[in-house]
Visitor: 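Quick one: the structure is below, and I'll ask about it shortly.
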Amino acid sequence: IEAFLASARRFEVTAGGTRVAGWSWGDGPAVYLVHGWAGIGGQLAAFAEPLLASGFRVVTFDAPGHGASAGRRSSILHFAHALREVVAQEGKAHGVIAHSLGAAAVVHALTQGLDVNRAVFVGPTGGPRDWAERFRSHLRVPGHVMALMRARSERWLGASWDEFDIPLLARSQSAPLLVLHDRDDDEVAWTDGAAIAEAWPGARLVTTTGLGHRRILRDAQVVSQAVSFVSGATTPR
């Protein structure tokens, strides 16, 4: 990853007063690579060379509180704001390839005016209500405790969790979408990706097996399908 980032043009933007580090390669229509929670932009390095070979410019960044970016707090709102600021500086997004929480942030950014021609989501999460339910079920947390946690989270975000219900937000989207999700993903349930694909008009769902939540980002077939879709060589069903 270090060598990959070292070959880029490094840039910075400010999002909500926080310095965000970014990297750009090549020329042509821009495709943005968006990492997930606890990730960094360089995790999506496998997509870069095929995209460059297809004539695209590749742009990625570390979300606030992640990697080389500043900040000690982060959330889907921070991710989405950073993405909008990066696109505002680096140019219109022909495409976006986003992983996990990064995909949810893309959807939120779309509701805030981000314009994307084609999108690929890899292991996307359905939003805080879904991951909170998995947390509650796994640890057998009482319902009243979860209600308190949700209320505190919503106060911190300054928004209701309902505003981040990704399958619900997906219904009003129009950009062509490809969802790639592994059946054996033990961090974000396959049903999250399936629900997003079902709700998003015309979206296509591709299910893999045995790749989990992170190895899927390095799988040659997944990378090939994503780049082909962004290129317009394949279309939704």
Side-chain angles (χ1 to χ4, degrees), residues 1 4-13 15 20-36 39-63 66-67 69 79-110 112-124 173-181 193 196-197 200 202-204 206 216-236:
I1 290 177
F4 167 61
L5 296 178
S7 67
R9 172 180 62 83
R10 172 80 178 260
F11 66 86
E12 292 184 354
V13 301
V20 172
W23 298 264
S24 176
W25 297 260
D27 298 298
V31 176
Y32 291 82
L33 307 179
V34 185
H35 69 81
I40 57 173
Q43 279 185 311
L44 285 80
F47 296 93
E49 186 175 337
L51 285 168
L52 291 168
S54 297
F56 293 106
R57 181 162 63 98
V58 176
V59 183
T60 193
F61 65 95
D62 290 346
H66 290 71
S69 292
F79 272 62
H81 189 186
L83 174 59
R84 296 199 312 274
E85 292 298 331
V86 169
V87 172
Q89 176 172 302
E90 295 297 311
K92 184 182 184 307
H94 166 78
V96 61
I97 299 175
H99 180 230
S100 194
L101 179 76
V106 169
V107 177
H108 184 70
L110 288 169
Q112 301 298 306
L114 180 70
D115 184 21
V116 173
N117 290 346
R118 301 179 77 82
V120 176
F121 293 167
V122 185
Q173 301 305 316
S174 59
L177 172 70
L178 172 65
V179 177
L180 296 137
H181 209 134
I196 293 168
W200 191 295
R204 177 183 170 213
V206 173
I216 191 172
L217 294 173
R218 303 186 300 274
D219 181 77
Q221 189 171 5
V222 166
V223 170
S224 176
Q225 289 182 87
V227 173
S228 179
F229 186 84
V230 168
S231 301
T234 57
T235 57

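Predicted model, so just to flag it, every value in this text is computed and none were measured. Just the heavy atoms: all of them, side chains too, but no hydrogens, waters or symmetry mates, feed the values below.
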Visitor: Could I get the full list of side-chain contact (heavy atoms from CB on, under 4.5 Å) partners for Ala109, not counting sequence neighbours?
Guide: Ala80, Leu83, Arg84, Leu114
Visitor: Taking the six-membered ring of Phe229 (Phe, Tyr or Trp), confirm whether the NZ or CZ of Arg118 is under 6.0 Å from its centre and within 45° of its axis.
Guide: yes
Visitor: Does Ser54 reach the main-chain N or O of Pro50 with its side chain, forming a donor-acceptor pair under 3.5 Å?
Guide: yes
Visitor: Test: salt bridge (Lys or Arg N to Asp or Glu O under 4.0 Å). Region: residues 41-60. Which pairs qualify, not counting sequence neighbours?
Guide: Arg57-Glu90
Visitor: So do the side chains of Glu85 and Val87 get within less than 4.5 Å of each other, counting heavy atoms only?
Guide: no
Visitor: If I take atom NE2 from residue His99 and atom CD1 from residue Ile216, how far apart are they, to the nearest 0.5 angstrom?
Guide: 7.0 Å
Visitor: Of all the heavy-atom pairs spanning Val179 and Ala197, show the shortest one and how long it is.
Guide: CG2-CB, 4.0 Å
Visitor: Between Ser69 and Ala63, which heavy-atom pair has the shortest distance, and what is it?
Guide: CB-O, 3.5 Å
Visitor: Decide yes or no for Val59 and Val86: does some side-chain heavy atom of the first lie under 4.5 Å from some side-chain heavy atom of the second?
Guide: yes
Visitor: Can you tell me how the ring of His35 sits relative to the ring of Phe61, calling it parallel under 30°, perpendicular over 60° and tilted otherwise?
Guide: tilted
Visitor: List the atom of Val223, the atom of Leu217, and the distance in Å for their closest heavy-atom pair.
Guide: CG2-O, 3.9 Å
Visitor: Might you point out which heavy atoms bring Ala175 and Trp200 nearest each other, and give the distance in Å?
Guide: O-NE1, 2.8 Å
Visitor: Ring centres of Phe79 and His66 under 6.0 Å apart?
Guide: yes
Visitor: Could you tell me whether a side-chain N or O of Ser224 sits under 3.5 Å from a main-chain N or O of Ala220, the two making a donor and an acceptor?
Guide: no
Visitor: Taking the side chain as every heavy atom from C-beta outward, state whether Leu110 and Gln173 have any atom pair closer than 4.5 Å.
Guide: yes
Visitor: Can you measure from CG (Leu33) to CG (Leu51) and round to the nearest 0.5 angstrom?
Guide: 6.5 Å
Visitor: With Phe121, which of Val34, Val107, Leu180, Ile97 fulfils side-chain contact (heavy atoms from CB on, under 4.5 Å)?
Guide: Val107
Visitor: Between Gln221 and Gln225, does a side chain to side chain contact (heavy atoms under 4.5 Å, CB included) hold up when you go through it step by step?
Guide: CA-CA 6 Å; Gln221 189 171 5; Gln225 289 182 87; 3.6 Å; yes
Visitor: Any side-chain heavy atom of Phe11 within less than 4.5 Å of one from Val20?
Guide: no
Visitor: Angle between ring planes, Phe56 versus His94, binned at 30° and 60°: parallel, tilted or perpendicular?
Guide: parallel
Visitor: Please step through ring-ring contact (aromatic ring centres under 6.0 Å, His included) for the pair Phe4 and Trp23, ending with a clear verdict.
Guide: CA-CA 10 Å; Phe4 167 61; Trp23 298 264; 8.7 Å; no
Visitor: What pair of heavy atoms forms the shortest contact from Pro176 to Asn117, and how long is it?
Guide: CD-O, 3.1 Å
Visitor: Return the minimal non-hydrogen interatomic distance between Val96 and Val31, and the atom names on each side.
Guide: N-CG1, 4.4 Å
